[in-house]
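Have a look at the structure below, then the notes.
Throughout, a chain's letter reflects where its sequence line sits, starting with A, and its residues are numbered from 1. As a basis for the values below, the full set of heavy atoms in this structure was taken, side chains included, without hydrogen atoms, waters or symmetry mates. All values derive from a computational prediction rather than experimental measurement.
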Protein chains: 2
Amino acid sequence: MSQQAVNGVSHRGKVLTLDSMNPNVKRVEYAVRGPIVQRAVQIEKELKEGVKKPFTEVIKANIGDAHAMGQKPITFLRQVLALCSYPELLEDNMFPEDAKKRARRILESCGGHSIGAYSASQGIECIRQDVARYIERRDGGIPSSPDNIYLSTGASDAIVTMLKLLVCGEGRSRTGVMISIPQYPLYSAALADLGAVQISYYLDEDKCWSLDVAELRRALNAARQHCNPRVLCIINPGNPTGQVQSRQCIEDVIRFAKEEHLFLMADEVYQDNVYAEGCKFHSFKKVLFEMGPEYSSTVEMASFHSTSKCYMGECGFRGGYMEVINMDPEVKAQLTKLVSVRLCPPVPGQALLDLVVNPPQPDEPSYTTFMKERTAVLAALAEKARLTEETFNTVPGITCNPVQGAMYTFPRITLPQKAIDKAKEEGQVPDMYYCMRLLEEEGICLVPGSGFGQREGTFHFRMTILPPTEKLKVVLQKIREFHLRFTQEFS
Amino acid sequence: MSQQAVNGVSHRGKVLTLDSMNPNVKRVEYAVRGPIVQRAVQIEKELKEGVKKPFTEVIKANIGDAHAMGQKPITFLRQVLALCSYPELLEDNMFPEDAKKRARRILESCGGHSIGAYSASQGIECIRQDVARYIERRDGGIPSSPDNIYLSTGASDAIVTMLKLLVCGEGRSRTGVMISIPQYPLYSAALADLGAVQISYYLDEDKCWSLDVAELRRALNAARQHCNPRVLCIINPGNPTGQVQSRQCIEDVIRFAKEEHLFLMADEVYQDNVYAEGCKFHSFKKVLFEMGPEYSSTVEMASFHSTSKCYMGECGFRGGYMEVINMDPEVKAQLTKLVSVRLCPPVPGQALLDLVVNPPQPDEPSYTTFMKERTAVLAALAEKARLTEETFNTVPGITCNPVQGAMYTFPRITLPQKAIDKAKEEGQVPDMYYCMRLLEEEGICLVPGSGFGQREGTFHFRMTILPPTEKLKVVLQKIREFHLRFTQEFS
Ligand SMILES: Cc1ncc(COP(=O)(O)O)c(C=O)c1O
Ligand SMILES: Cc1ncc(COP(=O)(O)O)c(C=O)c1O
């Protein structure tokens with residue numbers, strides 16, 4: 001008898017159950033915060049309660065969360081944010097003049113001169129102007145219009161909104177969206193939620209996770225049998241791969257998008273995170289415009305950026321923007337209407353974004369400190385990228401591509417057949433079993449490759465390179481020891 | 001010939017057009033930021049450029065945006081936010097000790113002690129604990145668990161997420177959601193976006209916009225012919241009506257929800273905004289629990305709150321929470337997974353929410369100022385609520401219910417038949433024509449009643465009571481004069 005019946009209460013069951021909820025939501029998966037992270041949180045609680053473990057702390061290398069890994073905020077950014085939060089500080093002389101100037105400018109563009117007012121839904125106009133000027137500088141003068149800039153609640157928000165606009169049709173005419181495998185799982189999650197068709201194209205692990213247009217074509221042609229492919233998503237620099245695309249590759253992709261009549265979504269949130277020698281960030285927009293009017297006036301595109309990554313790593317503020325290019329004006333009006341329903345992106349995040357696109361200039365008092373802090377963060381990341389690749393490649397059974405950019409490594413792991421069988425017994429995919437064991441035995445939290453997608457029969461994990469160098473060395477050493485032990489156990 | 005053809009470029013048209021975009025998005029409407037507001041922004045630009053108008057500024061009484069209307073932020077809240085943004089200020093002695101204590105506590109619960117780290121997707125745990133304790137105090141000790149609290153990006157985000165979870169089925173089994181008419185248009189917009197069926201129930205204008213269960217039943221029975229009604233949404237205190245529900249009414253609604261097996265969504269973002277004598281805010285949760293276990297252990301519910309309204313009016317921070325009650329644990333796990341896709345709500349907004357639910361206590365240094373500021377805001381709102389009702393009711397052709405709570409008045413306007421005909425000629429609904437004329441002639445921006453829904457043949461507008469008292473008096477006077485002139489013109 002159910003509890004309710006025992007209480008003598010009439011009972012028809014819940015209104016909202018697993019069976020009666022939105023089926024698309026059920027299909028959503030998001031490994032970066034999945035079961036392994038939940039277990040990590042639990043273990044942290046157990047440690048606090050005094051439960052004995054073979055380690056004293058959990059190191060969460062599962063998510064690109066710089067501050068959580070000990071990276072310090074950039075002074076200038078936080079000074080301006082404090083000034084915007086409590087403008088009485090403008091009277092004080094503890095803050096540099098350029099910080100005050102930026103704060104005044106932001107406040108003047110806010111309703112009632114307060115960051116507590118709603119902004120325009122597309123974002124504060126003067127900040128969109130600053131974003132446009134930033135893009136122009138970045139792209140060597142190619143024009144950018146504030147009308148094409150939409151500020152967002154992190155890049156996540158803009159990506160989901162853009163996908164939502166694009167999805168339509170039923171059955172075989174349902175919108176298909178091409179995403180890389182491995183991918184950042186926001187994409188697969190959003191597509192499941194929207195009921196769109198995911199079209200997977202595989203990056204070439206043997207060629208440093210590069211993108212090959214022949215593979216795009218294979219995936220597209222196969223997909224045409226069962227859906228209407230309309231969108232091509234690219235992440236550059238890559239998450240989880242750490243790959244930085246060559247200019248040539250980007251040109252090929254743009255040509256492909258034009259030929260195949262695809263809307264391009266370029267996720268460029270790691271645009272400042274390029275470390276490897278010979279690698280450079282090329283924005284899709286710049287390449288598009290350099291290919292001439294045949295391309296620059298026709299290929300429809302959205303590019304995404306965020307305050308969460310690069311040198312600032314300000315994830316908690318949820319700042320970001322997208323630039324739309326060649327978007328139909330009527331559709332743009334619909335987009336503006338759609339974003340107005342949620343009123344506006346968080347204003348502190350907008351303010352932060354303004355500082356990122358409009359940093360201190362050489363003649364301003366905050367310049368030296370700002371540059372020193374920025375350079376230190378990026379140099380440390382470059383060093384850790386190198387260290388990670390080198391160390392992993394000394395471990396038999398782990399092979400690791402260079403971490404050219406972004407904040408992750410996605411090494412391939414060879415698992416003994418017996419380990420694979422054991423995982424099956426436990427009802428887990430093999431790389432989840434591996435990562436769970438690593439978590440339980442060493443207190444290191446990674447994300448199994450299956451959370452990002454990988455070629456059938458291959459296994460990987462994703463690790464961020466964000467822990468401080470000394471801690472990263474320990475992490476790499478511990479993974480090394482675990483991997484050898486694990487391999488031995490199942491040989 | 002198209003521009004592309006002129007350029008000699010091959011052309012297949014855009015990938016993304018009005019015809020090929022998500023049809024649900026096209027159906028979305030959001031009047032609070034609709035065409036009238038766009039025109040207001042344009043007029044502001046014209047004024048700046050020196051274009052002569054019969055007025056010198058546009059007064060935007062279209063949106064509940066307190067700071068934009070000149071309300072000052074509460075000192076304590078902003079001090080703590082500045083401290084969290086730039087923790088170096090903790091060393092300074094310009095801030096009171098209780099502000100520092102709060103800031104330290106928030107920072108300690110952030111990854112890396114930085115509000116720039118992502119938080120748990122459900123929100124920072126210690127803040128969810130504070131929210132739960134706040135709810136317990138508010139509801140006279142009825143228990144609340146932090147596990148049932150989800151922090152959000154404003155209430156908008158939580159409301160949309162909850163609706164998304166609830167929507168399923170196709171054709172006649174598609175989920176139907178009951179919303180009041182007039183409503184806050186987030187609801188109709190979200191339902192259009194999700195492709196859910198909107199079930200309208202009418203509030204009773206003659207009884208001060210109160211909710212009548214007989215009308216709920218009528219609407220429900222009619223809807224059962226073509227959809228599967230599963231959700232009942234209530235806004236209390238009401239937007240746009242300004243109505244505050246009686247305890248009896250809430251009890252009736254809960255009984256109805258139980259009988260009819262409906263999930264209750266209680267939008268209680270105006271819970272501190274109650275002005276009228278004899279009116280009191282009763283939370284749906286408290287009433288539910290006072291009705292005994294037959295109700296409190298079965299009726300499924302979500303309640304929403306926000307940092308945007310009440311005395312703080314901090315809209316730009318996008319803080320908010322929902323509490324879920326009697327939610328199936330499996331569904332809760334799905335909800336947690338779903339919110340993790342967007343990583344987390346903005347952390348500054350979470351911090352702000354923490355201060356709202358955990359304000360200065362009588363023995364703390366900030367208490368006196370905090371209470372003085374809070375009381376002043378609420379007293380001014382109460383005075384403006386009274387003033388608004390009184391003034392409008394002296395105008396022939398305007399009838400206005402008491403503004404018992406929230407921040408709006410939704411008076412009924414009598415429009416001459418000739419004005420209605422004229423509007424038709426211009427291709428506008430009559431109240432839009434009225435509001436556009438008011439905007440052009442007096443520089444006052446209101447939202448036409450049609451944006452919220454109203455009984456066929458009746459006309460209204462929504463005005464916020466937020467302008468400072470002296471300005472509000474001017475606004476009321478100008479509307480009065482306009483209304484008389486307009487009526488005369490078309491008689
Ligand atoms: C490739 C990529 N895109 C988008 C995002 C979303 O970041 P946010 O929403 O914090 O801007 C991330 C976060 O890790 C990412 O790696
Ligand atoms: C009834 C009601 N619910 C929800 C909201 C959303 O507010 P926010 O998303 O700023 O919390 C509003 C805003 O005006 C409202 O009036």
Side-chain angles (χ1 to χ4, degrees), chain A residues 9 12 14-18 20-23 25-26 28 30 33 65 67-68 70 73 78-79 81-82 85-86 111-112 114-118 121 153 156 164-168 186 189 230 261 263 293-294 298 300 314-318 328 330-331 334 337-338 340-343 346-349, chain B residues 7 9 12 14-18 20-23 25-26 28 30 33 65 67-68 70 73 78-79 81-82 85-86 111-112 114-118 121 153 156 164-168 186 189 230 261 263 294 298 300 314-318 328 330-331 334 337-338 340-343 346-349:
Chain A
V9 173
R12 287 197 276 177
K14 300 251 181 218
V15 178
L16 182 60
T17 64
L18 218 44
S20 70
M21 67 175 276
N22 186 330
V25 171
K26 270 191 280 188
V28 166
Y30 192 71
R33 300 205 152 192
D65 189 353
H67 292 199
R78 294 309 194 86
Q79 286 178 331
L81 286 166
S85 300
Y86 190 56
S114 166
I115 56 171
Y118 290 123
S121 302
T153 307
S156 306
K164 177 183 283 182
L165 265 190
L166 279 156
V167 171
C168 68
L186 167 66
R230 301 177 65 207
H261 208 52
F263 191 103
E294 189 186 347
T298 60
E300 293 153 75
E314 294 277 12
C315 309
F317 280 83
R318 315 306 296 120
D328 182 319
E330 287 179 320
V331 175
Q334 294 285 327
K337 177 191 73 179
L338 180 62
S340 77
V341 174
R342 281 165 187 254
L343 299 167
V347 177
Chain B
N7 295 341
V9 172
R12 287 196 277 176
K14 301 252 181 217
V15 178
L16 182 60
T17 64
L18 218 44
S20 70
M21 67 175 277
N22 186 330
V25 171
K26 269 192 280 188
V28 166
Y30 192 72
R33 300 205 153 194
D65 190 354
H67 292 199
R78 293 309 195 86
Q79 287 179 331
L81 285 166
S85 301
Y86 191 55
S114 166
I115 58 171
Y118 290 124
S121 301
T153 307
S156 306
K164 177 183 281 183
L165 266 190
L166 279 156
V167 170
C168 68
L186 167 66
R230 300 177 65 208
H261 208 52
F263 191 105
E294 189 187 346
T298 59
E300 293 152 74
E314 294 278 13
C315 310
F317 280 84
R318 316 306 295 122
D328 182 319
E330 287 179 321
V331 175
Q334 293 286 326
K337 178 191 73 180
L338 180 62
S340 76
V341 175
R342 280 167 189 253
L343 299 167
V347 176

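For chain B, the nearby parts of A:E330 are the backbone and the side chain; heavy atoms of each come within less than 4.5 Å. The contact between A:T17 and chain B is made by backbone and side chain atoms together, counting heavy-atom distances below 4.5 Å. In this structure, chain B has heavy atoms under 4.5 Å from both the backbone and the side chain of A:R78. Using a 4.5 Å cut-off between heavy atoms, A:P73 touches chain B through its side chain atoms alone. For A:S85, the parts lying under 4.5 angstrom from a heavy atom of chain B are both the backbone and the side chain.
Note on A:A82, A:G112, A:G116: by heavy-atom pairs under 4.5 Å with chain B, the leading option is A:G116. When each of B:C168, B:S114, B:A68, B:C315 is checked for heavy-atom pairs under 4.5 Å with chain A, B:C315 comes out on top. Annotation: maximal heavy-atom pairing with chain B below 4.5 Å, among A:S20, A:G316, A:P23, A:G70, occurs at A:G316. Chain A forms the most heavy-atom pairs under 4.5 Å with one residue out of B:V341, B:L166, B:L81, B:V347, and that residue is B:V341. Your options are B:Q79, B:H261, B:K26, and the one with the most heavy-atom pairs under 4.5 Å with chain A is B:H261. Looking only at heavy-atom pairs under 4.5 Å with chain A, the residue among B:L186, B:D328, B:L338 that has the most is B:D328.
A:L165 approaches B:L16 most closely through the heavy-atom pair O-CD1, 3.9 Å. In terms of heavy atoms, B:V28 sits closest to A:K337 at O-NZ, 2.8 Å. Between A:V25 and B:Q334 the shortest heavy-atom distance is O-OE1, 3.7 Å. A pairwise comparison of heavy atoms in A:P346 and B:F317 identifies CB-O, 4.4 Å as the closest pair. The minimum heavy-atom distance linking A:D65 with B:A117 is given by the pair OD1-CA, 3.3 Å.
One N or O on the side chain of B:E300 and one on the backbone of A:V15 form a donor-acceptor pair closer than 3.5 Å. With hydrogens and angles disregarded, a donor-acceptor distance shorter than 3.5 Å links the side chain of A:R318 to the backbone of B:R342.
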